[in-house]
Every structure is written in structure tokens, then in C-alpha cells.
Amino acid sequence: MVWCTKLPNIPMYNDSEMLGRYYEEFKIDKKTGESNLTQIYLLEGLDFINRQTEAQRPFFLYWAADATHAPVYASKRFLGKSQRGRYGDAVMELDYSVGQILSKLYSLGIENNTFVFFTSDNGAALISAPDEGGSNGPFLCGKQTTFEGGMREPAIAWWPGHIEEGTVSFQLANVMDLFTTSLALAGISPPDDRIMDGLDLTPVLLNRPHTLHNRPIFYYRGNELMAVRLGQYKAHYWTWSNSWMEFKNGINFCPGQEVPGVTTHTQKEHTLQPIIFHLGRDPGEKFPISVLTKEYLDVLSRISPVVEQHKNNLVPGLPQLNMCDVAVMNWAPAGCEKLGKCLKVPKSDPWKCDWPH
């Protein structure tokens, strides 16, 4: 057993067995940005598809490469090949990898029986830009905020013979919908002993005469309802980019995009008079609709009952990330003995987490 005074390095797993740790068995050269990790993930994914298909078993593959998350990296074949620096190299390799996965489906003859959904879990982390971060285009701010740059993501649905190619949908959706949608595609009913937040998107994906177009989207930060989107309108009930403490230390989630009274560094309440934007006319959330206009009053009259109903029907979950404890980190994961990678686990001493942003 080895004692480590710092936090344990991130372990890598195959199923539940530890294979090594970042920067150690799985090299990422922070200086050059070179790493073969994306290729390792790709080969594992392709092998999994092969094995399941040969065994004539249905499969679910969640392929989540992390090359565009700092530290950004790419393999030697792609490093320095894009016009967007290291971040562009990583995106280029991800694009290649997704293409390889789709080609594998074709080569195995299962493309017409396989649903593929491509998306992200958040907008680009502008704090890492420009060298190790992406761009959110016209959208305001970035990851860790509830502005559009933090929450709006690309999404592509692919299923030859079922989803018409080249079509564009303006349907509002979120990643929680993928659970309910996947159950529907598999012909399985969702559990009826709990409230499901996700909706079935198959009518939209398969172009059936039914739409979920007016469903609201709720933007949370911790336990606080920050904003609500209904159609093209978005109402901010609270605004906050990140704390003054972080901001003064050079951490900025909205670099060069500050909007007075909107990208606030204190948690500012607007519950009695929310800030409302029309995202069709103003995707960058820069020009609030005047509270004196008929449009503002009309939008508020439609969004307010939606918010009230949501709060009345909400069944709060038990927070799982409000307590911190160094002892629960990956000091000695399963399989560490075989690798000689076990670290001494410190004494458990939980405290309430402090999330300044």
C-alpha cells in the first residue's frame, strides 16, 4: 500500500475492473497534447459492437470520449492537423471516430436496426478557451451556467430507413428524454411507480403527426429553478454567472460576453419580474423584452402558470452531491491490487460541499 498526500489520480475501468490511471498507464502528454485514449475508446467500442452482433444480441453502447474536456488531447495522426489548434484536433479525431462506428454498423449490415443519437451534456467550457475550449457561437456564456451557451447542445438522430435524412426539427428536448425514447424504441413501457421527467421523442423523430412542441424546459442550478423556456421565449427567475471570488481569480464563464444585469456575479433574484428573451430574435440573450410591452405581459401570463404547476407537482429528490468526503474517492478501486495501484484510504470526514459557481 502506498500513501499519497494528494487526491488520487483518475482511474480507468473496463466494466468494473480497474485498468490503470490517467497520465500513468493511459498517457496524456499535457505539454504536447498527444494521447491515444480516443483510439483506445474507439477500438473498445468497435470490438463490443462486433461481439454483440456475432452473438446476435441486442446492445446499448454509450460511447463518451472525453478528448475535448481539458486536458484536451488527440492522437499523433490528428495532432496539429486542424485549423483550430489542439481543440480542433480533438474534434477532428472525434468526428473520425464517430464515422468509424457508423461504418462498422454498415459493414455488419445492422444499420437499419440501430438507432444512433449524437449529443453533448453541456455547452463548451469557455473557461478553457481558446486553447482547450470550444465556442458556443452566438449563445451567451458557457458550461456551468444556465444561459444558452451553457445548456444548448448539438443533437443528431440517425436511423436509416426510419428517420428521414436531412430533416431539421425545432422540437425542444433534453437528454432525460433519451431514456423514455429508448424504452419506446425497444417496445418497453416506462416504470409507472415514479414520475418520469423525460418524454418520448419517437413521434418527432419518426415524423408522426404528433408534436411535443410546446413542452417547457426547466433550467436548474443546484436546487434553484433559474429559468424556464416555453417555445421561443425564455424567462430568467434568477441570474448568476459565477461568484465574485472566482471572477477576481481569473475564472470567467462568460469571457467578453458580459450583459449588464444578466451575467451577474451575485445570485440575483427576478422571481417577481423575470427577465424574458425571445431566443428566435435574440439567441445571445442580450436584449431583454421590456416589461412595459404587451409582448412581455402576454409571455409572462403563459409562463407563470407553467412554473407554478411545475413547483406544485415537483417531487424533490435527495441531493447526492451536497456532502463531500475525500475518503470516497478512488484511492483503492476494484482491481487495484493486481496493478499494484492501491492507495491508502484516508479516514472518512464528511463536510457540506461548497460550490462557489
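If you read the sequence from its start, that first residue is 1, and numbering goes on from there.
Judged by a 6.0 Å distance limit and a 45° cone about the ring axis, Lys143 is not positioned over the six-membered ring of Phe253. Geometrically, Arg221 does not engage Trp238 in a cation-pi contact defined by less than 6.0 Å to the ring centre and at most 45° from the axis. Stacking of Lys234 on the aromatic ring of Tyr219 is recorded, both the 6.0 Å distance cut-off and the 45° axial limit being met.
Contact check on Lys338 versus Glu17 returns a salt bridge, with a Lys/Arg side-chain nitrogen under 4.0 Å from an Asp/Glu carboxylate oxygen. A salt bridge links Glu295 with Arg281: the distance from a Lys NZ or Arg NE/NH1/NH2 to an Asp or Glu carboxylate oxygen falls below 4.0 Å. Taking a cutoff of 4.0 Å between a charged side-chain nitrogen and a carboxylate oxygen, Arg51 and Asp47 qualify as a salt bridge. Look at Lys27 and Glu34 and you find no salt bridge, because none of the NZ, NE, NH1 or NH2 atoms lies under 4.0 Å from a carboxylate O. Using a cutoff of 4.0 Å between basic side-chain nitrogens and carboxylate oxygens, Lys294 and Asp298 are not scored as salt-bridged.
Heavy-atom contacts from other residues, nucleotides or ligands closer than 6.0 Å to CZ of Phe170 number 12 or fewer.
The line from OG of Ser182 to CZ of Phe60 is 6.5 Å long, rounded to the nearest 0.5 Å. Between the CD atom of Glu285 and the CD1 atom of Ile275 there is a distance of 10.0 Å, given to the nearest 0.5 Å.
For Phe277 and His236, the gap between ring centers is short of 6.0 Å. The aromatic ring centres of Phe139 and Phe147 sit 6.0 Å or more apart.
Side-chain atoms of Lys341 and Trp331, non-hydrogen and from C-beta on, never get closer than 4.5 Å to each other. At least one side-chain heavy atom of Leu102 sits less than 4.5 Å from a side-chain heavy atom of Trp158. Within the 4.5 Å cutoff, no side-chain heavy atoms of Lys311 are placed close to those of Phe218. Phe179 has its side chain out of reach of Leu199: every pair of non-hydrogen atoms, C-beta onward, lies at least 4.5 Å apart.
No continuous path of ILVMFWY side-chain contacts below 4.5 Å connects Leu183 to Phe115, so the two sit in separate hydrophobic clusters.
In this structure, Ala70 and Ser128 approach most closely via the heavy-atom pair CB-OG, 3.9 Å.
Apart from Val315 itself, the hydrophobic cluster it occupies contains Ile195, where clustering links Ile, Leu, Val, Met, Phe, Trp and Tyr at side-chain heavy-atom distances under 4.5 Å.
Between the side chain of Glu93 and the backbone N or O of Phe78 there is no donor-acceptor pair closer than 3.5 Å. Between the side chain of Arg215 and the backbone N or O of Leu172, at least one donor-acceptor pair lies under 3.5 Å. Remark: side-chain polar atoms of Asn242 are not paired, donor with acceptor, to backbone N or O of Glu246 under 3.5 angstrom.
For Tyr237, the ring-ring contact (aromatic ring centres under 6.0 Å, His included) test picks out no residue, with sequence neighbours left out. When the ring-ring contact (aromatic ring centres under 6.0 Å, His included) test is applied to Trp244, the partners found at least two apart in sequence or on another chain are Phe247, His265.
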Verdict with supporting geometry, Leu140 and Glu148, side chain to side chain contact (heavy atoms under 4.5 Å, CB included): CA-CA 6 Å; Leu140 185 62; Glu148 290 301 280; 5.6 Å; no

